[in-house]
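Heads up: the structure comes next, in structure tokens.
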Amino acid sequence: MEWFAAPDYWFGRLVCQRLIAALYLTGFLAAANQFRALIGEHGMLPVPRFTARVPLRRSPSLFHLYYSDRAFAAVCWTGAALAASVLAGAADHVPLGVAMAGWGVLWLLYLSIVNVGQTWYSFGWESLLLEAGFLAAFLGNARTTPPVLVLWLLRWLLFRVEFGAGLIKLRGDSCWRDLTCLRYHHETQPMPGPLSWFFHHLPGPLHRAEVAANHFVQLVVPVALFLPQPVAGLAAAAMIATQLWLVASGNFAWLNWLTIALAVSVVDAPSAAAVLPVPGRPGFAATPLWYEVMVLLLTVLVAVLSYWPARNLLSRRQAMNRSFNRIHLVNAYGAFGSVNRIRLEVVIEGSAEPARAGGSAGRAVGSAGRAGDGGGDGDGGGSGHAGHTVWHEYGFKGKPGELRRIPRQVAPYHLRLDWLMWFAAISPEYARPWFSAFLARLLANDPATLRLLRHNPFPHKPPVRVRVLLYHYRFTTPRELRATGAWWERTLVREYLAPVTLRDLAHLGPHRAVRSRP
């Protein structure tokens, strides 16, 4: 079928598949490095406990058949090795069916992780990676001409990502409509990056221009994806530029890079050659009939499953980042329908001293608040004195903590605990399933949990007690930065959790340690 082939898109396919493979590699590495503390056999939300109460039909995963930490690690490292081989170009040197099978294994292994990952894997970019990786399998390899139908399916996915994000903003927070959201977003986003302080201090008119440009790229430009070249390619270039802006201004795991990968698939080789040193077009073998049939079946499947996300886009009650099926295909996407006006941070401190008679949590918090306003800027984390009790602060790899520590660039790697700590600060409800288990592991100096942290103030012996304080963080002004060297300023808001011991947490149970407070 002559209409089936789109040979001019071979270069876009090449870059798109390589980027998706690189992000699969990142996802598997992140899972391998973090799973034991999060969802391992002795983790905060253990997979065996999840699979015991949730049947296979509701969360398809290989781990319903068998789970052990060794088996999970084997899945992670197998996926990482396979993704690395695809990234290196191995799929282009094997028969088409083998290449597609390799992509299918990547998808199945990562689906198995996501479907038992619970709260730790509840982010929209997990579904986006699965959907993009599934479609990438049908793009073929260097031996075959890119199939036009799959290229259109990738555009439909990119449209849903961008247009869905634009609509959720327009329908959500009023600051998106009055163009003021970026006065707050760079400071209050889940995990600021090293340039976020500078973005935050851009002039107000430029912030308004950023929001207006975002609306144009997410609400108007996506329509142009379905127009002929060079219009579609220019639309994709605009999306790539805005995604790179987001990469520079914050840490959003692999969301931005995956969106870039989808946008690259829209660019044809002649257009790319105008700005890049693109080699000559390779020769292609005849397209197998079985491959054409599979692509047609895939197109029908996506068309049927598109009913639910299309209806969601048109709904006034648009859902953000939702999967309508258990295999995470043809999902709804969106981000930041609302923007926080202030940044709240949960700070965890430990003490090696037992509770003293006559002490009070209220007095302890007051003293820590005065000490914490300017502390927490050394390598060892902050410390505060509550009466005669000395408290030492735990340091996280990505989330704000020490005031003099500039935010780090983490993405496309994903620090799952750090992200969930941001949600925990917004509302204790987010933390109920796992927070007390996290504290219990700090009180036991659990090695797997401590590997998720940057600094453990109790390297030789676990603390006797831990407490949790809630602070208001804000970026310092340029004058304050020059005077103090601090990127952040913080003020104590309240006690999030009174000092507890390991025995206290055992009595409280897994869902009672975190309480909402006025």
Side-chain angles (χ1 to χ4, degrees), residues 15-35 38 75-76 79-84 86-88 103 106-107 109-115 117 119-137 139 154 157-158 160-162 164-165 189-196 218 236 239-266 320-321 323 328-329 331-336 397-399 407-420 422-423:
V15 178
C16 175
Q17 286 184 321
R18 294 294 198 277
L19 278 174
I20 293 174
L23 298 175
Y24 261 129
L25 174 60
T26 303
F28 282 116
L29 290 177
N33 291 333
Q34 301 176 47
F35 83 92
L38 303 181
V75 165
C76 293
L82 182 56
V86 174
L87 176 60
W103 280 102
L106 282 175
W107 176 80
L109 295 181
Y110 201 70
L111 176 72
S112 294
I113 293 173
V114 170
N115 276 351
T119 305
W120 307 106
Y121 281 80
S122 60
F123 304 98
W125 48 73
E126 314 292 357
S127 295
L128 183 58
L129 182 56
L130 287 169
E131 184 172 355
F134 191 83
L135 294 178
L139 275 174
L154 288 169
L157 172 54
L158 178 59
R160 280 181 280 123
V161 170
E162 291 282 16
Q189 63 183 300
M191 199 178 301
L195 298 180
S196 298
Q218 292 192 324
M239 293 177 179
I240 291 171
T242 56
Q243 292 300 319
L244 290 173
W245 185 269
L246 293 171
V247 167
S249 65
N251 286 290
F252 302 100
W254 49 79
L255 174 63
N256 307 122
W257 288 108
L258 195 46
T259 307
I260 289 171
L262 297 174
V264 167
S265 73
V266 181
M320 184 171 63
N321 295 325
S323 294
H328 298 268
L329 295 183
N331 311 290
Y333 300 101
F336 293 103
K397 294 180 178 180
K399 91 175 193 69
R408 294 319 197 245
Q409 182 63 42
V410 177
Y413 195 80
H414 184 23
L415 296 173
R416 300 183 183 279
L417 176 61
D418 293 61
W419 265 80
L420 265 292
W422 180 77
F423 284 103

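Side-chain atoms are counted along with the backbone in the values below, which use heavy atoms only and exclude waters and symmetry mates.
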Given Tyr413 and Lys397, is the side chain to side chain contact (heavy atoms under 4.5 Å, CB included) satisfied, shown in steps? CA-CA 12 Å; Tyr413 195 80; Lys397 294 180 178 180; over 6 Å; no
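- Here the shortest heavy-atom pairing between Leu258 and Ala132 reads CD1-CB, 4.0 Å.
- Annotation: Trp419, atom CH2; neighbour count of heavy atoms from other residues, nucleotides and ligands within 6.0 Å is above 12.
- Heavy atoms only, all atoms of each residue included: Leu106 and Gly79 are closest at CD2-O, 3.4 Å.
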Evaluate side chain to side chain contact (heavy atoms under 4.5 Å, CB included) for Asn331 paired with Asn321, printing each intermediate quantity in order. CA-CA 7 Å; Asn331 311 290; Asn321 295 325; over 6 Å; no
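- Closest heavy-atom contact between Ala253 and Ala411: O-CB, 3.3 Å.
- Looking at every heavy atom in both residues, Leu255 comes nearest to Thr259 through O-OG1, 2.8 Å.
- Between Phe252 and Phe336, the two ring planes are perpendicular [angle over 60°; tilted spans 30° to 60°].
- Side chain of Gln17 to main chain of Ala136: a donor-acceptor pair is present (N/O by atom type, distance under 3.5 Å, no hydrogens or angles).
- Between Phe28 and the options Asn33, Leu109, Leu23, Leu82, a side-chain contact (heavy atoms from CB on, under 4.5 Å) holds for only Leu109.
- Put simply, CZ on Arg408 and CG on Asp418 are 12.5 Å apart, with the number rounded to the nearest 0.5 Å.
- Between the OG1 atom in Thr119 and the CG atom in Leu38 there is a gap of 10.5 Å [rounded to 0.5 Å].
- Of the possible polar contacts, one joining the Ser196 side chain to the Ser249 backbone as a donor-acceptor pair under 3.5 Å is found.
- The shortest side-chain heavy-atom distance between Ile20 and Trp103 falls under the 4.5 Å cut-off.
- Side-chain atoms of Leu329 and Trp107, non-hydrogen and from C-beta on, do get closer than 4.5 Å to each other.
- For the side chain to side chain donor-acceptor pair (under 3.5 Å) test with Glu126, the passing option among Tyr121, Tyr110, Trp120 is Tyr110; the others fail.
- Put simply, the side chain of Tyr24 does not reach to within 4.5 Å of the side chain of Leu19, judged on heavy atoms.
- Considering OG1 of Thr242 and CH2 of Trp245, their distance stands at 11.0 Å, rounded to 0.5 Å.
- Considering every non-hydrogen atom in both Cys16 and Leu139, the closest pair reads SG-CD1, 4.5 Å.
- Between the side chain of Asn256 and the main chain of Gln243, no donor-acceptor pair closer than 3.5 Å is present.
- Using a 4.5 Å cut-off on side-chain heavy atoms (C-beta onward), Leu415 and Asn251 make no contact.
- Ser127 places a side-chain heavy atom less than 4.5 Å from the side chain of Ser323.
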Please evaluate residues Asn115 and His328 with respect to the criterion side chain to side chain contact (heavy atoms under 4.5 Å, CB included), reporting the C-alpha separation (whole Å), side-chain torsions for both, the decisive distance (0.1 Å), and the verdict. CA-CA 9 Å; Asn115 276 351; His328 298 268; 2.9 Å; yes
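- In this structure, Ala248 and Leu195 approach most closely via the heavy-atom pair O-CB, 3.4 Å.
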